Amino acid sequence: MKVAGRLFMGVSLFALAACNDFLDEEPQSDVSPEQYLWSEDQLKAYVDNYYADYDNYDGDSDDKGGMLPSHYGSENGSPYYDDDAIDNQQGTNGRYLQDTWTVGQTGGKWNFTNIYALNYFIETVTPRYEEVSISGSAENIEQYLGEAHFLRALEYFYRLRTLGDFPIVENTLSDNMEELTEASVRKPRNEVRVLSWKTWIRLLN
């Protein structure tokens, strides 16, 4: 009986050890974050995902509105009509009259999905690029990193157009209430505008 008990304990301990080793393995069906963004083609695939789907583009979409618009857009095949009347045409509604246009505090355009994803890309790829740890052409790697900065600036420009004052978050945040609360404070719209313009000017130079 004692022998059987000892044998059972030994098998149980072996099973637990084997289980722990199994749980420590990387998933075989998906690419883990630690294994991704180490090559030029992976950088390209990641960045390409944040350009608009031209066959399904919606300039007012909560998740696609900040993406690079398609010239095959709405009326007359031009994004001219998707700019919320911010160019030099006459306003199309009474939004500029006092107290006629208010901005929500939650939901809708308060969408950080793309901003978070682009922040993750930039803060992951930048140190790897500086350490020359990414395989592929340095010129192309710089190109994709620049595109990520451009697309993030475009996301903020979209929030400027639709919300005005908006939080500026340029890095990924931990799941900490104090940190998230501090980062959620809306910045003046001129700061949001400067962030976008400074990014584009830097990339052009």
Side-chain angles (χ1 to χ4, degrees), residues 33 36-37 42-53 57-70 73 79 82-87 91 95-96 98-131 134 141-205:
Y36 199 53
L37 300 178
Q42 292 176 347
L43 269 59
K44 181 181 186 303
Y46 192 107
V47 171
D48 283 353
N49 192 48
Y50 294 95
Y51 284 93
D53 175 1
Y57 177 73
D58 179 1
D60 196 46
S61 168
D62 295 341
D63 61 344
K64 290 188 176 182
M67 295 178 168
L68 191 64
S70 166
D82 296 330
D83 65 357
D84 289 338
I86 61 170
D87 54 21
R95 68 179 57 182
Y96 301 112
Q98 185 175 357
D99 301 326
T100 59
W101 191 31
T102 59
V103 176
Q105 296 286 337
T106 60
K109 305 302 182 291
W110 282 85
N111 186 326
F112 285 85
T113 303
N114 292 346
I115 293 173
Y116 176 89
L118 292 165
N119 281 342
Y120 174 80
F121 179 91
I122 292 168
E123 71 178 25
T124 300
V125 171
T126 299
R128 293 179 182 179
Y129 166 70
E130 293 172 349
E131 296 166 0
I134 302 174
I141 294 169
E142 291 175 359
Q143 170 73 24
Y144 302 136
L145 193 53
E147 288 181 30
H149 280 279
F150 171 83
L151 291 168
R152 184 177 65 180
L154 196 65
E155 289 286 337
Y156 276 105
F157 185 63
Y158 176 61
R159 300 314 186 284
L160 171 68
R161 289 168 46 214
T162 55
L163 295 172
D165 298 351
F166 191 74
I168 295 177
V169 182
E170 297 184 83
N171 58 286
T172 56
L173 302 173
S174 62
D175 190 13
N176 177 282
M177 182 59 69
E178 184 177 347
E179 181 182 6
L180 295 173
T181 301
E182 182 179 353
S184 67
V185 176
R186 296 174 73 163
K187 301 297 183 182
R189 67 192 66 195
N190 65 297
E191 292 185 24
V192 182
R193 181 180 67 247
V194 168
L195 171 67
S196 297
W197 288 1
K198 284 177 66 176
T199 300
W200 292 334
I201 291 172
R202 185 174 72 250
L203 291 173
L204 288 172
N205 291 333

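Everything numeric in this text was worked out from a predicted model, so none of it was measured.
Distance OG1/Thr172 to OH/Tyr116: 5.0 Å, rounded to 0.5 Å. The CG atom of Asn49 sits 11.5 Å away from the CZ atom of Phe121 when rounded to the nearest 0.5 Å. Taken from CD1 in Ile134 to OG1 in Thr126, the straight-line distance is 8.5 Å, to the nearest 0.5 Å. With values rounded to the nearest 0.5 angstrom, Leu154 atom CG is found 9.5 Å from Arg159 atom CZ. The CG atom of Leu204 sits 11.0 Å away from the OG1 atom of Thr199 when rounded to the nearest 0.5 Å. Atom CD of Glu155 and atom CZ of Phe150 lie 11.0 Å apart (nearest 0.5 Å).
Minimum heavy-atom separation, Ala183 to Pro167: O-CB, 3.4 Å. Summarising the geometry of Leu203 relative to Gly146, their closest heavy-atom pair is CD1-O, 3.6 Å, with the distance given to 0.1 Å. Closest approach of Tyr50 to Leu151, counting heavy atoms only: O-CD2, 3.7 Å. Scanning both residues, Tyr36 and Arg128, for their nearest heavy atoms gives O-NH1, 2.8 Å. Looking at every heavy atom in both residues, Trp200 comes nearest to Ala153 through NE1-CB, 3.4 Å. The heavy-atom pair separating Ile115 from Val169 by the smallest distance is CG2-O, 3.9 Å.
The backbone N or O of Leu163 lies less than 3.5 Å from no partner atom in the side chain of Arg189, so there is not a single donor-acceptor pair. Side chain of Arg161 to backbone of Phe157: no donor-acceptor contact under 3.5 angstrom is found.
Listed by chain and number, the residues in a side chain to side chain contact (heavy atoms under 4.5 Å, CB included) with Leu180 are Leu173, Asp175 (sequence neighbours excluded).
Sorted by first then second residue, the side-chain hydrogen bond (donor to acceptor under 3.5 Å, both in side chains) pairs that include residues 142-153, not counting sequence neighbours, are Tyr51-Glu147, Asn119-Arg152, Tyr129-Glu142, Gln143-Glu147.
Heavy atoms from other residues, nucleotides or ligands lying under 6.0 Å from CD of Glu182 number 12 at most.
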Audit row: Lys187, Leu195, side chain to side chain contact (heavy atoms under 4.5 Å, CB included) steps and yes/no: CA-CA 11 Å; Lys187 301 297 183 182; Leu195 171 67; over 6 Å; no
